[in-house]
Amino acid sequence: KLWKPLLAAVIVEYGFIALMAIVLGLQYKVNPLRLLKKLMPSFLVGLTTGSSLAAYTRGMEVNKDGLGISEDYSRLAYPLGISLYVATYAPLYIAITYYMAEIYQTPTSFVWYGTVALICMILAYASPQVSGGALICLGILMTQLNIPSEGIAIAGTISLALDFFSTGAKVLGQHLEMLHQAGHLGMLDKEILRR
């Protein structure tokens with residue numbers, strides 16, 4: 001049944017990205033699929049390496065030549081985003097937690113689900129931004145939520161499998177968030193974006 005958390009996390013992460021692309025596409029009058037196609041070079045690096053840092057050089061090119069984001073803004077915001085943009089890691093933790101609770105029949109309640117959401121959001125920021133970095137936080141997560149620690153091997157396997165998909169979604173989300181912010185700051189060349 002390992003497909004369940006994998007599928008759930010991927011649907012949530014990429015559903016969020018698709019929604020962002022649609023909203024920004026409508027806002028800037030760009031076809032959302034065309035917008036996502038512009039992000040493919042850095043996305044593919046992130047997806048295949050599991051490292052958003054490996055996608056840095058490609059990402060800077062995408063920001064400037066594909067999205068029309070000012071180079072000054074990109075030099076400041078893109079490196080910060082690699083460390084701070086973690087919107088895709090919380091769904092990974094939540095999917096793993098729900099799956100492990102189901103396997104070990106952990107008693108749950110409304111408060112338990114709220115605690116899961118809070119801890120997963122905190123751990124998303126605490127996770128080292130390297131391939132496999134989520135493994136470090138899984139022990140904390142499982143202990144806090146009364147899930148037996150012997151499940152760490154299963155949770156670790158799921159985490160490693162999802163890490164590549166989560167990194168790819170992170171790279172996409174970071175570009176879209178920068179596009180949104182650059183538009184607000186007047187640091188976006190809409191002609192380049194619409195090409």
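Excluded from the calculations below are hydrogen atoms, water molecules and symmetry mates; all remaining heavy atoms, backbone and side chain alike, are included. Just so it is clear, the model here is predicted, and its values are computed rather than measured.
- Side-chain contact check for Thr167 versus Asp163: some heavy-atom pair is nearer than 4.5 Å.
- Within the 4.5 Å cutoff, the side chain of Met121 has no heavy atoms near those of the Tyr93 side chain.
- Closest approach of Val62 to Ser42, counting heavy atoms only: CG2-OG, 4.0 Å.
- The structure places CE of Met40 at 13.0 Å from CZ of Arg58, a figure rounded to the nearest 0.5 Å.
- Across every non-hydrogen atom of Lys170 and Ser52, the tightest pair is NZ-OG, 3.5 Å.
- Two rings, from His175 and Phe43, have their centers 6.0 Å or more apart.
- Considering all non-hydrogen atoms of both residues, Pro107 and Trp112 come closest at O-CD1, 4.1 Å.
- In this structure, Tyr28 and Leu179 approach most closely via the heavy-atom pair OH-O, 3.8 Å.
- Between the side chains of Glu13 and Ser166, at least one donor N or O sits under 3.5 Å from an acceptor N or O.
- You'll find the side chain of Leu35 reaches within 4.5 Å of the side chain of Leu176, heavy atoms only.
- Remark: aromatic rings of Tyr73 and Tyr78 are distant, center separation not under 6.0 Å.
- Residues Leu67 and Leu39 have side chains in contact (heavy-atom distance under 4.5 Å, counting atoms from C-beta outward).
- Distance check: Met187 CE to Gln181 CD gives 12.0 Å after rounding to the nearest 0.5 Å.
- Taking CD of Gln174 as the start and CE of Met178 as the end, the distance is 6.5 Å to the nearest 0.5 Å.
- Between the CG atom of Leu47 and the CZ atom of Phe165 there is a distance of 6.5 Å, given to the nearest 0.5 Å.
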Test side-chain contact (heavy atoms from CB on, under 4.5 Å) on Leu44 and Val171; report intermediate values, then the result. CA-CA 9 Å; Leu44 291 174; Val171 170; over 6 Å; no
Would you please test Leu76 and Asp72 for side-chain contact (heavy atoms from CB on, under 4.5 Å) and show each step? CA-CA 7 Å; Leu76 172 70; Asp72 291 334; over 6 Å; no
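- Side-chain heavy atoms closer than 4.5 Å link hydrophobic residues (I, L, V, M, F, W, Y) into clusters, and following such links, possibly through other members, connects Ile94 to Met100.
- Salt bridge status for Glu191 with Arg195: absent, with no side-chain N to carboxylate O gap under 4.0 Å.
- The OG1 atom of Thr115 sits 11.0 Å away from atom CG of Leu141, with the distance rounded to the nearest 0.5 Å.
- Side-chain atoms of Ser74 never come within 3.5 Å of backbone atoms of Ser70 as a donor-acceptor pair (strictly under, hydrogens ignored).
- No side-chain heavy atom of Met20 sits less than 4.5 Å from a side-chain heavy atom of His180.
- No side-chain heavy atom of Ile192 sits less than 4.5 Å from a side-chain heavy atom of Asp65.
- At a threshold of 4.5 Å between non-hydrogen side-chain atoms, the residues Leu36 and Ile17 count as touching.
- The two residues Thr48 and Phe164 make their nearest non-hydrogen contact at O-CE2, 3.7 Å.
- The shortest distance between side-chain heavy atoms of Leu24 and Val30 does not fall below 4.5 Å.
- Residues Ile103 and Tyr113 share a single hydrophobic cluster, defined by chaining ILVMFWY side chains whose heavy atoms lie under 4.5 Å apart.
- Between Pro32 and Ala21, the shortest heavy-atom contact is CB-O, 3.7 Å.
- Note: the hydrophobic cluster containing Leu172 also contains Met60 (ILVMFWY, side chain heavy atoms under 4.5 Å, direct or indirect links).
- The structure places OH of Tyr104 at 6.5 Å from CE of Met142, a figure rounded to the nearest 0.5 Å.
- Leu123 and Tyr99 fall within the same hydrophobic cluster, defined by Ile, Leu, Val, Met, Phe, Trp and Tyr side-chain heavy atoms under 4.5 Å apart, directly or through other members.
- If you chain together hydrophobic residues whose side chains sit under 4.5 Å apart, Tyr98 and Val12 never meet in one group.
- Put simply, the side chain of Lys38 gets close to the backbone of Gly66: a donor and an acceptor are under 3.5 Å apart.
- For the pair Arg34 (side chain) and Arg194 (backbone), a donor-acceptor distance under 3.5 Å is present.
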